[in-house]
Amino acid sequence: MNFEEILNENQLKAVKHKDGPLLILAGAGSGKTRVITYRIAYLISVYGISPENILAVTFTNKAAEEMKGRIEKVVGKKAEKIWMSTFHSFGCRILRNHCDKIGYSKNFSIYDEDDRERLVKECMNFAKISEKQIKPYEVIRKIQDIKNQLLTPEEFYSYANDYNSKLVARIYEIYEEKLKFNNAFDFDDLIKKPIELFRIDKEILNKYQEKFKYILIDEYQDINNSQYVLVSTLAEKYKNICVVGDDDQSIYRFRGADITNILDFEEDYPDATVIRLEQNYRSTKTILKAAHSVISKNKGRKDKELWTENEQGQKIVLTYTEDATKEAEAILKEVDRLLRTTDANLKDMSVFYRTNAQSRVIEDCFRRNGIPYKLIGGIQFYGRMEIKDILAYLRLIVNPNDILSFKRVINIPPRGIGEASITKLEEYAIENEMSIFDAIKDIQNIPDIKESIKESFYQFYNMIKGISENRNNMSLTEIVKTILSETRYIDYWKSDASIKSDERIENVRELVSAISEFEEKRKDATLEDFLNQVALITDIDRMDKNANAITLMTIHSAKGLEFDNVFIAGMNEDLFPHKNCIDEPGGIEEERRLCYVGMTRAKKRLFLFTTLFRRQYGSKNISSVSRFIDEIPYELLEIKGKTLIKEYINKDSFIEDMQPRFEEYIDETPLYKPGEKVRHKIMGEGVILKIEPHGDDYKLTVVFKKHGKKVLSANFAGLEKI
DNA sequence: AGCGATGTATTTTTT
DNA sequence: ATACATCGCT
């Protein structure tokens with residue numbers, strides 16, 4: 001492998017750096033992934049570092065897998081020994097090995113966002129705190145913050161001065177107790193608990209500090225406090241820590257990401273080497289210039305400007321449409337045009353948006369017009385109700401202490417067991433510090449439960465126990481199939497008349513195939529392995545890059561990806577930047593970084609869309625163009641839909657609310673000229689014969705190849721130039 | 001326990 | 001608009 005030939009000067013410097021802290025400031029598209037992969041390959045193949053001494057933390061599981069594959073091509077099979085995963089998977093692995101040291105057993109459950117919400121609500125119930133006093137959502141956010149700061153309930157109590165904080169402190173205390181009782185970790189625990197472990201057991205810490213002599217952290221700008229502590233702790237001994245990131249691409253502040261981690265790296269490690277990667281290999285000059293012009297409005301960033309040898313490329317197309325439906329149609333039109341007039345495939349295209357809710361209109365449009373798409377995010381596959389039901393059964397088999405999972409499925413399908421009986425059983429279990437199943441064994445001692453219900457509890461217990469005792473003789477697929485047949489879960493949905501029930505059954509079947517696929521890939525895998533994997537997998541990890549379909553996702557999900565053609569929908573004020581961010585300090589800057597991330601995903605062409613109206617809680621409201629559009633130099637934009645603006649600006653009702661910035665885009669010249677070839681959705685190809693003004697609109701006379709001469713309205717015909 | 005009617009708030013982004 | 005919680009009824 002000749003590293004000199006495939007890397008530029010700075011990339012090579014980063015790859016060849018051996019010992020000591022290293023900060024790589026890698027701009028968008030600067031070949032960051034290459035540098036990480038080749039650096040690891042170099043450490044192993046040239047410096048002779050043993051693969052098991054390397055820890056690499058990436059942003060997605062998929063990125064880890066891909067990098068590992070590429071490293072394997074250079075150094076061979078031994079690449080397997082590298083620990084390469086996301087922060088959370090790493091923490092999970094540590095806990096699987098050592099959680100007994102902090103009072104958990106290794107069949108623990110991992111609670112996701114949905115589980116966490118249920119648990120918080122339970123805790124609030126328990127503490128007699130109503131959802132009117134404080135919203136569960138707010139509590140979850142606070143608890144997340146507290147955990148990122150690594151505070152115990154007692155510690156937080158001492159900080160809690162105001163009323164709300166005291167409520168949260170109380171809920172947090174119960175929440176932590178319940179997690180422990182259930183032998184469960186939430187996402188934050190996967191970082192926090194390993195730190196606790198390392199603090200308690202210096203021997204284990206020492207073992208891992210010795211093991212991970214070389215540490216690499218990707219997307220360092222997006223790590224939060226607890227992740228920072230975890231990394232620093234591990235790197236403390238050898239300080240061979242290489243971090244890669246870009247302060248302009250920090251977009252996860254809402255989950256505690258702290259941009260000062262990367263900004264202060266040189267203070268943390270005064271002898272750090274700093275390497276900047278500023279040559280961009282991804283985008284056109286136009287795209288890069290526009291993106292830079294936007295991001296440079298941010299204050300307090302490390303000043304830098306990327307450059308590229310790539311061609312100028314076409315202008316950025318900004319399209320005005322009336323509303324989200326028309327916006328979706330405009331995207332479709334552009335997609336269609338690209339497919340016909342360029343060599344682009346659907347898999348080279350992606351539509352980004354700020355909020356998941358925006359995907360629906362676009363999905364509808366694509367579905368109606370037969371455009372295959374893959375949707376990332378929103379309600380994730382493993383977040384679906386029916387999938388979570390089955391997973392709860394599986395968890396319960398693995399971890400009988402998991403009361404949350406127990407309660408989820410004890411009456412699904414219905415077994416005639418109600419809230420009241422469940423609560424009595426749970427209280428008995430908690431009082432006697434026993435698992436919920438041991439409580440069932442004792443059920444004759446619990447007063448006020450009807451005999452028939454006791455019998456139902458017993459049956460449920462026997463079913464789970466039966467599968468549990470047998471599970472070593474069964475494959476994972478057999479286990480899940482047994483659950484389905486014993487619970488008659490599919491029948492339960494078949495008897496449900498709603499339109500969604502077919503889809504649910506389909507999803508359950510897909511879960512079964514996912515399990516058998518998993519089992520095939522990892523022959524010795526246990527049910528625990530599967531559940532852990534599922535808890536930490538994301539839609540991005542499941543994405544099939546080669547499927548010929550256009551990708552729909554939020555800009556957050558798009559981080560780290562690139563596409564030839566990028567469409568960003570909803571460039572509207574209050575949506576992007578989102579209204580919830582506007583008052584928050586630093587909120588706008590974060591949104592601007594998000595915009596920068598979105599724009600810099602594009603390699604060849606970038607299309608932005610904005611609407612004159614947006615629907616909000618049902619009603620249609622006037623909406624203005626995103627400020628980020630104004631931050632793009634006008635000469636880099638090609639604007640479509642000007643006649644539409646003109647139409648609205650002449651309406652009295654509209655003019656009052658009209659933002660002045662619309663004015664500059666008004667163009668009196670009609671969009672079409674005689675002699676131009678156009679295409680109509682229904683009538684196909686034709687040539688424009690005549691144009692005459694008609695109110696705010698234009699009357700077009702067009703001769704179509706197949707349908708002859710027609711007179712159309714320019715605004716409504718939806719003609720496309722060819 | 002389960003159903004339907006009524007009222008009410010609406011989560012921005014994700015491991 | 002719509003999902004979701006709550007309440008009262010069977």
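Not measured: the values here are computed from a predicted model. So that the names make sense, note that chain A is the first sequence line, chain B the second, and so on, each numbered from 1.
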S.K.: If you check the R255(A) side chain, which of dT15(B), dG2(B), dT13(B) turns out closest?
M.R.: dT15(B)

S.K.: May I ask you to say whether K545(A) pairs ionically with E66(A), meaning some side-chain N is under 4.0 Å from a carboxylate O?
M.R.: yes

S.K.: When we call it a touch if two heavy atoms are under 4.0 Å apart, what does F87(A) touch: a base, just sugar-phosphate, or nothing?
M.R.: nothing

S.K.: State whether N356(A) places a side-chain N or O below 4.0 Å from either non-bridging phosphate oxygen (OP1 or OP2) of dT12(B).
M.R.: no

S.K.: Picking from dT10(B), dT12(B), dT15(B), which would you name as closest to the side chain of E113(A)?
M.R.: dT15(B)

S.K.: Starting at atom CZ of R118(A), determine the distance to atom P of dA5(C), rounded to an integer number of angstrom.
M.R.: 10 Å

S.K.: Would you indicate what T538(A) reaches in the nucleic acid, counting non-hydrogen atoms under 4.0 angstrom: base, sugar-phosphate, or nothing?
M.R.: sugar-phosphate

S.K.: Are the aromatic rings of F87(A) and F59(A) close, with centres under 6.0 Å apart?
M.R.: no

S.K.: Among the candidates dT15(B), dG2(B), dT13(B), find the nucleotide nearest to the side-chain atoms of R141(A).
M.R.: dT13(B)

S.K.: Students often get this wrong, so: under 4.0 angstrom with heavy atoms, is N411(A) touching a base, only sugar-phosphate, or nothing?
M.R.: sugar-phosphate

S.K.: Taking the basic N atoms (NZ, or NE/NH1/NH2) and the acidic carboxylate oxygens, is any pair closer than 4.0 Å for K193(A) and E196(A)?
M.R.: yes

S.K.: Heavy atoms under 4.0 Å, any strand shown: does S89(A) hit a base, just sugar-phosphate, or nothing?
M.R.: nothing

S.K.: Return whichever of I417(A) or E584(A) has its heavy-atom-nearest nucleotide of DNA chain B closer to the 5' end.
M.R.: I417(A)

S.K.: Could you tell me whether the side chain of R354(A) has a donor or acceptor atom within less than 3.5 Å of a complementary atom in the base of dT13(B)?
M.R.: yes

S.K.: Could you check whether Y137(A) and the base of dT11(B) form a stacked pair, meaning centres closer than 5.5 Å and planes differing by less than 30°?
M.R.: no

S.K.: Base, sugar-phosphate or nothing for I191(A)? Non-hydrogen atoms, less than 4.0 Å.
M.R.: nothing

S.K.: Taking the six-membered ring for Trp, are Y208(A) and H98(A) ring centroids under 6.0 Å apart?
M.R.: yes

